[in-house]
Amino acid sequence: MRPQALRGFRDYLPEEMLAKDRMLDAVRSVFESYGYPPVATPALEYAELLLGKYGEEGEMLLYRFLDNGERDVAMRYDLTVPLARLIASHGSLIMPFRRYQIAPVWRAEKPAKGRFREFVQCDVDLVGVNDASADAEMLLIGQDVLRALDVEKYRLRVNHRGILRAMTRILGIADGAEEGAFLRLLDKLEKIGEEKFRGALAKDFPQIDAAGTERLLAIVSSGGAPAETLASLEVLLGSDPDGALAIERLRQTMERVSAGGRLDTIVIDPSIARGLSYYTGIIYETFLEALPEYGSVMSGGRYDGLVGMFAGRDLPAVGISLGVDRLLSALLEIGSFESLSTPAEVLVVQFSEQGSADAFRLAAQFREAGVATVIYPEAAKLKKQFQNAHNLGIPFTAVVGESEASRGTLQLKHMASGEQVEVDVAAAVARIRRAGRGTE
RNA sequence: GUGGGUGUAGCUCAGUUGGUUAGAGCGCCAGGUUGUGGUCCUGGAGGUCGAGGGUUCGAGACCCUCCACUCACCCCA
């Protein structure tokens with residue numbers, strides 16, 4: 001058999017993994033800056049626990065099998081349902097409960113660009129409060145995460161299930177399958193354009209008359225600054241009680257986002273629907289301006305009913321989830337990510353067999369000073385050792401030859417400039433420190 | 001999951017109507033240069049032509065099946 005990774009699964013080589021880890025470090029520190037602690041849950045859950053949470057489509061994508069004890073198990077499909085289970089399993093959690101979780105999830109989808117069968121999600125969730133402040137916190141965290149990752153050009157599209165409910169009610173669309181079909185069509189509006197949308201609408205939803213169609217298009221194209229969009233939605237949907245509540249909630253949310261962050265990346269977009277069936281309130285997704293075809297890189301919403309399905313008491317909750325693997329592959333495609341193939345800052349050359357003790361002593365001193373150091377693993381030709389530093393992109397090389405050893409110094413070479421100086425260890429560390437890795 | 005496209009060296013790709021020993025550029029390794037990488041010169045290694053089967057005197061090329069990648073649909077992080 002040829003050695004080959006499973007379809008939709010992938011290896012990460014050093015360059016990509018260093019980049020991914022740097023992203024994850026940044027994400028973690030933003031999450032913790034909001035006071036969220038980490039948790040972990042198992043990769044496998046009882047299948048029954050995950051069934052019925054993701055809609056029919058999602059359910060087919062579960063990796064599900066019998067374990068060696070004949071238990072019906074499934075690999076987690078997201079981190080939200082396991083969170084709901086965790087809350088139900090542990091009674092003593094302090095509410096409001098905050099947590100973040102960064103972990104892989106598995107979906108048996110057909111792989112495509114930016115779409116994998118195994119990918120890491122970074123979830124933050126706030127459980128126990130149903131308030132615009134909690135909703136706003138998710139958007140603020142999302143904005144801060146993207147800023148920490150130097151992602152500037154993106155659009156955070158925000159909607160509310162209440163707006164969708166008001167819309168379908170006003171248009172006379174029945175709950176259930178018909179509503180689902182309508183929301184799917186609506187979600188495609190931007191992609192297929194208004195003309196095709198009108199055609200599909202007339203074909204699949206004959207009960208919507210001409211006036212209704214115009215009204216619908218007015219609703220979904222009321223885009224602009226959030227405050228303006230909400231004002232026009234008020235006119236169009238305010239007569240519906242769910243619509244009015246949703247609009248007021250989004251208004252409060254936007255006030256808080258405006259105060260704590262920025263509104264210019266946010267668009268109120270009544271056409272986004274979100275597939276996962278557990279959402280009940282605000283929903284959002286994030287598109288990169290340069291690569292919208294990658295789909296959403298960060299999404300989530302409010303799911304007030306999900307935790308209650310396990311906990312026996314209703315616990316409102318809201319969360320947001322970043323897909324690092326998708327974001328990383330998009331950023332790599334844009335080329336906005338400088339990649340390294342080593343964490344090393346300096347390569348210590350082994351000058352000779354006899355001098356290897358000097359090299360090991362120097363490497364230990366560098367590491368003691370906090371400098372990431374590789375030592376060339378044999379006393380090969382100097383040319384080869386310098387070449388290796390060059391190929392790996394290690395910024396400095398250090399050599400202790402016989403004459404340097406006798407003087408207690410070393411030759412420190414800055415590879416990019418070719419500049420080489422004879423200095424002691426402390427001065428070498430200072431120079432390396434000053435140069436930095438250049439990518440932080 | 002459905003439909004289309006593409007699979008030739010580590011990478012990007014040539015390879016004529018089926019015809020001898022499958023090529024290039026880049027990269028890699030070695031030497032030119034026994035205390036120093038990047039430029040230059042010389043040499044070298046590296047291919048079950050995605051896999052299996054079929055047609056043929058002869059297949060990288062044609063046919064079938066499978067696998068992978070990719071685009072669209074679908075869905076989503």
Side-chain angles (χ1 to χ4, degrees), chain A residues 1-10 13 23 27 54-61 76-80 102-123 142 145 180-181 183-185 187-188 191-192 272-277 279 283-288 292-301 319-330 347 349-352 355 376 379-405 410-420 422:
Chain A
M1 164 176 188
R2 252 184 43 200
Q4 188 177 44
L6 216 49
R7 180 173 168 76
F9 291 72
R10 48 167 312 189
L13 294 175
M23 289 179 73
V27 171
Y54 303 115
E56 244 175 84
E57 305 269 358
E59 202 141 308
M60 285 164 41
L61 303 178
R76 64 176 168 231
Y77 180 89
D78 67 2
L79 302 176
T80 309
I102 296 176
V105 302
W106 294 271
R107 300 182 184 179
E109 297 194 78
K110 181 158 179 176
K113 185 157 72 175
R115 205 161 99 197
F116 312 106
R117 287 182 166 173
E118 174 182 59
F119 60 95
V120 170
Q121 287 195 316
C122 308
D123 272 41
V145 162
L183 294 181
R184 270 195 298 280
L185 177 59
D187 205 39
K188 272 190 275 185
K191 198 168 191 176
I192 65 178
I272 70 160
R274 305 256 70 227
L276 299 182
S277 55
Y279 290 115
I283 48 183
Y284 27 78
E285 41 192 46
T286 312
F287 291 83
L288 300 177
E293 71 269 20
Y294 266 79
S296 177
V297 295
M298 186 177 73
S299 331
I320 191 165
S321 175
L322 173 81
V324 250
D325 301 276
R326 174 176 289 181
L327 181 59
L328 176 64
S329 67
L347 178 142
V349 169
Q350 288 214 57
F351 186 74
S352 63
Y376 197 87
K381 285 185 170 186
L382 294 193
K383 173 176 177 146
K384 188 169 179 175
Q385 301 191 50
F386 276 82
Q387 180 87 59
N388 185 242
H390 173 76
N391 289 348
L392 288 173
I394 300 173
F396 288 93
T397 47
V399 186
V400 183
E402 281 153 37
S403 48
E404 289 84 10
L410 61 104
Q411 298 287 345
L412 182 73
K413 181 167 185 173
H414 181 242
M415 297 298 279
S417 64
E419 185 195 356
Q420 180 167 317
E422 183 170 352

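Quantities reported herein were computed from a predicted structural model and do not represent experimental measurements. Chain identifiers are assigned alphabetically (A, B, ...) following the order of the sequence lines, protein sequences preceding nucleic acid strands; residue numbering begins at 1 within each chain.
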Pairwise N/O distances under 3.5 Å, protein to nucleotides 26-35 of chain B:
residue, atom, partner, partner atom, Å
B:C28, OP1, A:Asn391, OD1, 3.4
B:A30, OP1, A:Lys384, NZ, 3.2
B:G31, OP1, A:Lys381, NZ, 2.6
B:G35, O6, A:Ser403, OG, 2.6
B:G35, N1, A:Glu404, OE1, 3.0
B:G35, N1, A:Glu404, OE2, 2.9
B:G35, N2, A:Glu404, OE2, 3.0

Q: Using the closest heavy atom to pick a nucleotide of RNA chain B for each, name whichever of A:Phe386 or A:Asp187 lands nearer the 5' end.
A: A:Phe386
Q: Looking at every strand, decide which applies to A:Glu109 at a 4.0 Å heavy-atom threshold: base, sugar-phosphate, or nothing.
A: base
Q | Pairing residues for A:Ala416 by the side-chain contact (heavy atoms from CB on, under 4.5 Å) criterion, not counting sequence neighbours | A | A:His414
Please write out each protein N/O paired with an N/O of nucleotides 69-72 of chain B under 3.5 Å, distance rounded to 0.1 Å.
residue, atom, partner, partner atom, Å
B:C69, OP2, A:Arg7, NH1, 2.7
B:C71, OP1, A:Lys113, NZ, 3.3

Q. B:C57 and B:A30: how far apart are their P atoms, nearest whole angstrom?
A. 50 Å
(Q) Which residues pass the side-chain contact (heavy atoms from CB on, under 4.5 Å) test with A:Tyr376, not counting sequence neighbours? (A) A:Leu347, A:Glu378, A:Ala380, A:Lys384, A:Gln385, A:Asn388
**Q.** Under 3.5 Å donor-acceptor, A:Asp325 side chain and A:Val120 backbone
**A.** yes
Q. Expressed in whole Å, how much space separates the C1' atoms belonging to B:U16 and B:G10?
A. 29 Å
(Q) Measuring only between side-chain heavy atoms, which start at C-beta, is A:Leu322 closer than 4.5 Å to A:Gln121? (A) no
**Q.** Qualifying residues under salt bridge (charged side-chain N to carboxylate O under 4.0 Å, His left out), relative to A:Arg7, sequence neighbours excluded
**A.** none
Q) Nearest-Å distance, CZ (A:Phe287) to P (B:C76)? A) 11 Å
Q: Please state how far atom CE in A:Met23 lies from atom P in B:A77, giving the value in whole angstrom units.
A: 16 Å
Q: Applying ring-ring contact (aromatic ring centres under 6.0 Å, His included), name anything that partners A:His390, two or more places apart in sequence or on another chain.
A: none
(Q) Given a 3.5 Å cut-off on both pairing distances, which stems involving RNA chain B, each at least three consecutive Watson-Crick or G-U pairs, are present, if any? (A) B:1-7 with B:67-73, B:10-13 with B:23-26, B:28-32 with B:40-44, B:50-54 with B:62-66
Q. Is the closest side-chain heavy-atom distance between A:Val399 and A:Phe386 below 4.5 Å?
A. yes
Q: Write down the distance separating the C1' atoms in B:G7 and B:G47, rounded off to the nearest Å.
A: 14 Å
(Q) Suppose you measure atom P in B:U39 against the same atom in B:A22; what distance do you get, rounded to whole Å? (A) 32 Å
Q: Would you mind reading off the distance between A:Glu419 atom CD and B:G38 atom C1', rounded to a whole angstrom?
A: 16 Å
Q: In whole angstrom, give me the gap between the C1' atoms of B:U8 and B:C49.
A: 4 Å
Q. Counting only N and O atoms by type, is there a donor-acceptor contact under 3.5 Å from the side chain of A:Ser296 to the main-chain atoms of A:Glu285?
A. no
Q) With A:Tyr284, which residues qualify under ring-ring contact (aromatic ring centres under 6.0 Å, His included), at least two apart? A) none
Q. Should A:Ser296 be listed as having a side-chain N or O under 4.0 Å from OP1 or OP2 of B:C76?
A. no
Q. Please give, in whole Å, the distance from B:U36 C1' to A:Tyr376 OH?
A. 14 Å
(Q) Classify A:Met60 by what it touches in the nucleic acid, base, sugar-phosphate, or nothing, heavy-atom distance under 4.0 Å. (A) nothing
**Q.** Between B:A77 (P) and A:Ile320 (CD1): distance, integer Å
**A.** 11 Å
Q) In whole Å, what is the span from the CG atom of A:Asp78 to the P atom of B:C76? A) 12 Å
**Q.** Whole-Å P distance, B:C64 and B:A45
**A.** 39 Å
Q: Figure out the CZ/C1' separation between A:Arg115 and B:A77, and round it to whole Å.
A: 11 Å
Q: List in chain and number order the residues that pass salt bridge (charged side-chain N to carboxylate O under 4.0 Å, His left out) with A:Glu422, two or more places apart in sequence or in another chain; answer none if no residue qualifies.
A: A:Arg407
Q: Take atom C1' in B:A14 and the same atom in B:A9, then report the distance between them in whole Å.
A: 13 Å
Q. Between B:U39 atom C1' and A:His390 atom NE2, what is the distance in whole Å?
A. 11 Å
**Q.** Spacing of the P atoms in B:G18 and B:C62 (rounded, Å)
**A.** 8 Å
Going by atom type alone, with no hydrogens or angles, which donor-acceptor pairs under 3.5 Å involve a side-chain atom of residues 108-115 of chain A and a protein atom two or more places apart or on another chain?
residue, atom, partner, partner atom, Å
A:Arg115, NE, A:Lys110, O, 3.3
A:Arg115, NH2, A:Lys110, O, 2.8

**Q.** side-chain contact (heavy atoms from CB on, under 4.5 Å) partners for A:Asp187, two or more places apart
**A.** A:Ile272, A:Ala273
Q: Applying side-chain contact (heavy atoms from CB on, under 4.5 Å), name anything that partners A:Glu118, two or more places apart in sequence or on another chain.
A: A:Phe9, A:Pro104, A:Trp106
